Undergrad: 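A single structure is presented below for examination.
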Amino acid sequence: MTLEFEGVNASFVESYFRLDDDLPKILVQIGKDDYVSAAINEFRGLRILRQEPWECLISYICATYKSISAISQMLANLSGKFGEKICLGSHNVYTFPKPEKLAKAALQELQECGLGYRAKYVSETVRIVHKNGLDFERLKETTYEKAREELLKLPGVGPKVADCVLLFSLEKLEAFPVDVWVKRVVLKHYAKHFQTEFVRKNTSQQSLSTSAYEKFSAFGREYFGKHAGYAQEYLYHFERVHR
DNA sequence: TTCCAGGGAGTAT
DNA sequence: ATACTCCATGGA
């Protein structure tokens, strides 16, 4: 298999696509049952990205209660308005804005990017991170639980956003983010791991309480093990394709 | 037009 | 602790 790239060096590509992970070994580890095995067999090769923590954090704060396409649009707006222009051949692209740049942005400017009520959360979190210089490198070194606790203090960051940031940018591969899609998968195919009353309640109602979230997420970490995040990613994609 | 989206925060019980 | 409610915006 070959991988072509340009404009970056090989070490970046290896890092960004997590080529340092032993994917075949991980897929064996998380292949605990026929259902997740089906997802693995269909999408074998699907990877988790090692994203830049700052970009990941702001992106997932923006992503709450929004459709994927709308999220893409919002982030493109942010980059176009506050990022740096890069010329790639014939067309221009924009980098994700740096903390110091977003820290200077007015609330209304953020709202003009389509952030809606999230503009306030982004604005406040931007200031906290920029001012105190939230040490993402330290969060990488510490445990899943401690790093999660730190992230949850930020405005606009709840358990779902925290788990996404931990998984996609802070080296916490045991994180098992539970969104509406993963919730559906677990309720449909892993119901036997929960009390029937819990399954019934969470099947009928669309919202997800904090305590219910923690039960779903803890199940994922315990059932799939230290690389539960990979299982989440395969199940998530499998559900979205076959819904 | 109505519904819902890779949820979170605020408030009432 | 748990339940209920609101939140801006855009695509389907």
Side-chain angles (χ1 to χ4, degrees), chain A residues 39 43 46-49 51 53 55-78 80-81 105-129 148-170 172-173 175-188 194-195 197-198 200-221 228-243:
Chain A
F43 298 112
L46 175 67
R47 291 187 162 275
I48 288 176
L49 299 180
Q51 300 174 31
E55 177 175 356
C56 189
L57 172 63
I58 301 303
S59 296
Y60 275 99
I61 290 177
C62 290
T64 62
Y65 203 45
K66 268 294 193 187
S67 62
I68 304 277
S69 59
I71 294 165
S72 302
Q73 188 59 53
M74 283 169 39
L75 297 178
N77 292 343
L78 272 182
K81 195 174 181 65
L107 188 60
Q108 186 180 343
E109 290 183 296
L110 296 176
Q111 289 172 330
E112 287 168 0
C113 293
L115 299 197
Y117 66 89
R118 301 164 196 78
K120 184 157 56 79
Y121 302 145
V122 169
S123 177
E124 292 175 3
T125 290
V126 161
R127 281 172 220 296
I128 292 172
V129 174
R148 193 175 197 262
E149 204 174 314
E150 291 291 314
L151 291 175
L152 288 174
K153 293 175 182 174
L154 299 169
V157 177
K160 159 63 167 59
V161 172
D163 279 333
C164 285
V165 176
L166 290 164
L167 174 60
F168 299 124
S169 74
L170 295 177
K172 305 299 185 265
L173 296 183
F176 192 82
V178 180
D179 58 27
V180 291
W181 299 93
V182 173
K183 174 187 162 188
R184 286 172 195 155
V185 170
V186 175
L187 286 173
K188 269 195 286 183
F194 300 86
Q195 295 185 352
E197 175 61 14
F198 178 83
R200 191 195 60 75
K201 261 180 65 176
N202 284 284
T203 300
S204 61
Q205 65 183 22
Q206 67 294 347
S207 64
L208 185 61
S209 70
T210 302
S211 65
Y213 180 95
E214 299 300 350
K215 285 184 181 177
F216 283 116
S217 188
F219 159 74
R221 291 194 300 277
Y230 269 98
Q232 189 270 8
E233 204 64 4
Y234 277 83
L235 291 172
Y236 168 82
H237 190 57
F238 196 62
E239 176 69 9
R240 283 185 61 91
V241 170
H242 296 295
R243 67 189 163 94

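Nothing here was measured: the structure is a model prediction, and the numbers come from that model. Letters go in sequence order (proteins before strands), and every chain restarts at 1.
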Undergrad: Can you give me the first and the last nucleotide of DNA chain C (5' to 3') that has an atom within less than 4.0 angstrom of a non-hydrogen atom in chain A?
TA: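 Span of nucleotides near chain A: C:dT2 to C:dG11.
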
Undergrad: Flag the pair A:Leu57 / A:Leu154 as yes when at least one side-chain heavy-atom distance between them is below 4.5 Å, and no otherwise.
TA: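 In short, these two side chains touch, coming nearer than 4.5 Å.
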
Undergrad: So what's the dot-bracket for DNA chain C: Watson-Crick or G-U pairs under 3.5 Å, [ ] if a pair crosses, | if it pairs off-strand?
TA: |||||||.||||

Undergrad: Where along residues 154-161 of chain A does a heavy atom come under 4.0 Å from DNA chain B, residue by residue in number order?
TA: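 Within this stretch, A:Leu154, A:Pro155, A:Gly156, A:Val157, A:Gly158, A:Pro159, A:Lys160, A:Val161 sit under 4.0 Å of the strand.
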
Undergrad: Which is true for A:Ala63 with a 4.0 Å heavy-atom rule: it touches a base, it touches only sugar-phosphate, or it touches nothing?
TA: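 A:Ala63: backbone/sugar contact only, no base atoms under 4.0 Å.
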
Undergrad: For the residue pair A:Cys56 and A:Leu170, establish whether any side-chain heavy-atom pair is separated by less than 4.5 Å.
TA: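 A side-chain contact is absent here, since even the closest heavy-atom pair is not under 4.5 Å.
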
Undergrad: Examine the base of B:dG7 for any acceptor or donor lying under 3.5 Å from a partner atom in the side chain of A:Tyr121, and report the outcome as yes or no.
TA: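 No, the side chain and the base share no sub-3.5 Å donor-acceptor pair.
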
Undergrad: A:Asp163 CG to B:dG7 C1': how many Å, rounded?
TA: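 Result: 12 Å.
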
Undergrad: Can you run down the salt bridge (charged side-chain N to carboxylate O under 4.0 Å, His left out) pairs that involve residues 159-170 of chain A, sequence neighbours left out, and say none if there aren't any?
TA: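 The answer is A:Arg148-A:Asp163.
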
Undergrad: Can you tell whether the side chains of A:Glu124 and A:Arg127 come within less than 4.0 Å, N to carboxylate O?
TA: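 Result for this pair is no, no salt bridge flagged.
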
Undergrad: Hey, does the side-chain of A:Tyr65 have a donor or acceptor N/O within less than 3.5 Å of a partner on the base of B:dG6?
TA: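 Side chain to base: no pair below 3.5 Å.
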
Undergrad: Are the side chains of A:Pro53 and A:Val165 in touch, meaning some heavy atoms are under 4.5 Å apart?
TA: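 No - every pair of side-chain heavy atoms lies 4.5 Å or more apart.
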
Undergrad: Throw together a table of side-chain donor-acceptor distances under 3.5 angstrom for residues 235-243 of chain A, partners on residues two or more places apart or in other chains.
TA:
| unit_1 | atom_1 | unit_2 | atom_2 | d |
| --- | --- | --- | --- | --- |
| A:Glu239 | OE2 | A:Lys188 | NZ | 3.3 |
| A:His242 | NE2 | A:Glu42 | OE1 | 2.9 |
| A:His242 | NE2 | A:Glu42 | OE2 | 3.1 |

Undergrad: Any side-chain N or O of A:Arg118 below 4.0 angstrom from OP1/OP2 of B:dG6?
TA: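 No, A:Arg118 has no side-chain N/O under 4.0 Å of OP1/OP2 on B:dG6.
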
Undergrad: What is the separation between atom CG on A:Leu151 and atom P on B:dG8, rounded to the nearest whole Å?
TA: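 From A:Leu151 CG to B:dG8 P: 12 Å.
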
Undergrad: Does the plane of the ring in A:Phe194 sit parallel, tilted or perpendicular to the ring in A:Phe198? Use 30° and 60° as the thresholds.
TA: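 Parallel.
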
Undergrad: If we only count heavy atoms from C-beta on, is the A:Leu75 to A:Cys62 side-chain gap below 4.5 Å?
TA: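 Side chain of A:Leu75 against side chain of A:Cys62, heavy atoms only: contact under 4.5 Å found.
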
Undergrad: Can you check the A:Asp179 CG to B:dG8 C1' distance for me, whole Å?
TA: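 Taking CG of A:Asp179 and C1' of B:dG8, I get 15 Å after rounding.
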
Undergrad: Whole angstroms only, please: what is the CG-P distance between A:Leu57 and B:dG8?
TA: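 It is 12 Å, rounded to the nearest whole Å.
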
Undergrad: Quiz question: by atom type and distance under 3.5 Å, do the side chains of A:Arg221 and A:Ser217 form a donor-acceptor pair?
TA: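 A:Ser217 and A:Arg221 do have a side-chain donor-acceptor pair below 3.5 Å.
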
Undergrad: Does A:Glu197 CD have over 12 foreign heavy atoms under 6.0 Å away?
TA: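 Above 12, so yes.
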
Undergrad: Measure CD1/A:Ile71 against P/B:dG8 and give the value in whole Å, please.
TA: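 Atom CD1 in A:Ile71 sits about 12 Å away from atom P in B:dG8.
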
Undergrad: Indicate, with a heavy-atom threshold strictly under 4.0 Å, whether A:Lys183 touches base, sugar-phosphate, or nothing.
TA: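 Counting heavy atoms under 4.0 Å across all strands, no contact is made by A:Lys183.
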
Undergrad: Are any of the side-chain heavy atoms of A:Leu115 and A:Tyr121 separated by less than 4.5 Å?
TA: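 In short, these two side chains do not touch, never coming nearer than 4.5 Å.
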
Undergrad: Could you check which residues of residues 210-219 of chain A get a heavy atom under 4.0 Å from DNA chain B? Sort them by number, please.
TA: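 Output list: empty, so none.
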
Undergrad: Between A:Gln51 and A:Phe168, is there a donor-acceptor pair closer than 3.5 Å when you use the side chain of the first and the backbone of the second?
TA: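 No: the side chain of A:Gln51 does not pair with the backbone of A:Phe168.
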
Undergrad: What is the separation between atom CG on A:Leu152 and atom P on B:dG8, rounded to the nearest whole Å?
TA: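 After rounding, the reported distance stands at 9 Å.
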
Undergrad: How far does the P atom of B:dA9 sit from the matching atom of C:dG10, given to the nearest Å?
TA: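 It comes out at 23 Å once rounded to the nearest Å.
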
Undergrad: With a 4.0 Å cut-off on heavy atoms, is A:Glu239 in touch with a base, just the backbone sugar-phosphate, or nothing at all?
TA: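 Result for A:Glu239 = nothing.
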
Undergrad: Send over the distance from A:Ile61 CD1 to B:dA9 P, rounded to a whole Å.
TA: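 Checked: the CD1 to P distance equals 9 Å.
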
Undergrad: Just verifying a value: how many Å separate A:Thr125 OG1 and A:Lys153 NZ, rounded to the nearest 0.5 Å?
TA: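 Going from OG1 on A:Thr125 over to NZ on A:Lys153, the span is 13.5 Å.
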
Undergrad: In this structure, how many angstroms lie between the C1' atom of B:dA5 and the CD atom of A:Gln73, rounded?
TA: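 It works out to 15 Å between those atoms.
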
Undergrad: What integer number of Å spans the C1' atoms of B:dG6 and C:dA3?
TA: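 24 Å, rounded to whole Å.
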
Undergrad: Is there side-chain contact between A:Phe43 and A:Glu233, with at least one heavy-atom pair below 4.5 Å?
TA: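 With C-beta onward as the side chain, the pair stays apart.
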
Undergrad: Does A:Gln195 have more than 12 heavy atoms from other residues, nucleotides or ligands lying within 6.0 Å of its CD?
TA: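 Counting other residues, nucleotides and ligands, CD of A:Gln195 stays at 12 neighbours or fewer.
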
Undergrad: Say you pick atom P in B:dT11 and the same atom in C:dA8; how far apart are they, in whole Å?
TA: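 So the two P atoms sit 14 Å from each other.
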
